[in-house]
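Read through the structure below, which is laid out as structure tokens, and then see the notes.
Residue numbers start at 1 and run along the sequence shown.
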Amino acid sequence: MSGSLWLKDPGTVVRDTLPRVPGKPGPSGRAGADPVGELADRLDDFVAAAVHPDEVAALLESDGLTDEQIRRRYGHEDSFALAEELCARVERRFPPSEDPPPVSAGPTLLVCLLRGLLFTLPGLGHVLAAPVLAGGGRTAYAPLLAAALAGWAWNQALAHRAYTWLGLGDRPAAARALLRGAPVGVVLGTAAAAAVAPLHVPAVLFAAGQSLYLAAATVLLVLSRERVLLPVLLPLVGGALVAALRPMPAWAHIVLPLVSVTAAAGAAAGAVAGVLRRADPGGRRGNRRRGVGPRGLGGSMPYGLFGLGSGALVLHVALDAPAFAVALTLGMGPAEWLLYRFRADSLAGLRACTSPGAFRISVAAALVRSLAGYAGALLTLMAAALLLWPGDGPDASSAAGVLLLGAVLWTGLLLQAFGAVLSPAAVCCAAALVPLLLPGSERLIVPAGASGVLVLLVCAQLGRITAHR
């Protein structure tokens, strides 16, 4: 650290700024009428130079100030709340630094684009299976949609739970969570398909395979084995290219998707087994620290609801404009990269801004840049999809609605990345239900309203310095 923070020895700073009990003489020799203001005066240099309120909270805690003392003396819940109040009262005088701002670690744009492609390629399985499912008309696709919604919701919650274990440094526990949860997702997806169209056996069987692939892909993505998905999907890619040039035998439309699904399931099982084997070479159950880790399933439920709501919104687009649905899926690649860019921009703003108001403006500017970049990428992908997808192109209102839906998905993921998941889950689920009451609103009204609400939530929640801990 630099500047006035280290004008004195850190231990001296702590001792000299030890909070006094209100009612006893302070530095001015009188009883402090405003204990927080008096503390702010004592810590003025430190607070003014702090990059983040957590630094102030760390000083208070190192001074031995407990939460009970903070509630009794200063009327705040804990050291973080008191630190935030001190930062609000003291004008920031962060000394300029010649050091470059820290670069937020994250994948490159090329890697994110390739991940977006991996999210899209499984759709070729639907192209190959089209002749098999054609006998049931449009109703044949209802089981696939039901299974997809169930899979998106469950696997989103499962991924959050596994990532929570990974964040605690317990990779075997994450693998065990995936081992137990992935088969449940397959059962739920298959059951949803069977409930929608129990008599359409080919569609239900295809939905079961789709659910199995979604579960396997979730395991591989969480365990950072997404590169395995590319060779796994090669039978689908090759079969779709051949089918576009000349007719294929009926068995190929069934066997090629089955090969990819089987390979994905095998790769996922191998990845989980490898993690558990490395953690416990002797075949015994690995040691786990009791009482450490996610408690219950309630913490992961909002992530599942977000997956359900956002999946329903995307399905509205898929039914109305399949080409645009493909563009949305491909757009998840640049969307992921822009999430990292927003994080880097917000950290740069945190470093450079000298007041809460300036930081809110910096966050709003970073949000505008990110949304503009995502809209440009999505618009390019939509134009390319229309060129490659023969048929009548959707009208301008549909295109505008898809752009707004992209903003809904991106801002929802952004809030999730910062730990605010309840609000985007509620907005997306509510937006998915509105078309049931107002048919036709899903094209423009719903995405416009949902994107506006989420943008306001981003500005309100991420405009606070403490949201960037």
Side-chain angles (χ1 to χ4, degrees), residues 118-159 162 177-222 225 228-229 231-237 239-240 243 248-273 304 307-308 311-312 314-315 318-319 322 325 329:
L118 285 177
F119 297 151
T120 309
L121 288 178
L124 295 175
H126 298 83
V127 176
L128 284 177
V132 180
L133 302 174
R138 292 181 65 89
T139 58
Y141 292 95
L144 308 186
L145 300 180
L149 280 177
W152 285 340
W154 178 262
N155 290 314
Q156 187 89 352
L158 176 62
L178 293 170
L179 181 62
R180 291 191 295 265
V184 177
V186 178
V187 173
L188 288 177
T190 306
V196 171
L199 300 181
H200 201 298
V201 177
V204 172
L205 292 176
F206 187 86
Q210 174 183 273
S211 301
L212 179 58
Y213 175 82
L214 287 175
T218 300
V219 172
L220 294 172
L221 288 170
V222 170
R225 300 293 302 276
V228 177
L229 288 174
V232 160
L233 294 172
L234 286 179
L236 286 183
V237 176
M248 290 196 311
W251 61 265
H253 291 275
I254 301 174
V255 170
L256 291 177
L258 185 60
V259 169
S260 286
V261 169
T262 304
V272 171
L308 180 64
V314 172
L315 285 183
L319 294 174
T329 308

Exercise. Looking at A153 and L308, what are the two nearest heavy atoms and their distance?
Worked result: CB-CB, 3.8 Å

Seminar exercise, completed: Shortest non-hydrogen pair, V186 vs L212, comes out as CG2-CA, 3.8 Å

Problem set entry | side-chain contact (heavy atoms from CB on, under 4.5 Å) between V259 and V255, worked out | CA-CA 6 Å; V259 169; V255 170; 4.0 Å; yes

Exercise. Is L319 close to L145 at the side-chain level, that is, under 4.5 Å between some pair of heavy atoms?
Worked result: yes

Exercise. Of all heavy-atom pairs between M248 and L256, which one has the smallest distance, and what is that distance?
Worked result: CE-CD1, 4.3 Å

Problem set entry | Partner of L118 under side chain to side chain contact (heavy atoms under 4.5 Å, CB included), chosen from V232, L229, T329 | L229

Exercise. Quick check: does any side chain N or O of W154 sit under 3.5 Å from a backbone N or O of G181, one acting as donor and the other as acceptor?
Worked result: yes

Problem set entry | Shortest non-hydrogen separation from A252 to P257 and the atoms involved | O-CD, 3.9 Å

Problem set entry | Atom of A147, atom of S211 and distance for their closest heavy-atom approach | CB-OG, 3.8 Å

Exercise. Roughly how far apart are L121 CG and L236 CG, rounded to 0.5 Å?
Worked result: 8.5 Å

Seminar exercise, completed: For Q210 and L144, the nearest pair of non-hydrogen atoms, with its separation, is NE2-O, 3.0 Å

Exercise. CG of L124 to CG of L233: how many Å apart, nearest 0.5 Å?
Worked result: 8.5 Å

For this session: Would you check, one step at a time, whether the test side-chain contact (heavy atoms from CB on, under 4.5 Å) holds for L315 with W152?
Result: CA-CA 11 Å; L315 285 183; W152 285 340; 4.0 Å; yes

For this session: Supply the atom-to-atom distance L258 CG to L205 CG, rounded to the nearest 0.5 angstrom.
Result: 10.5 Å

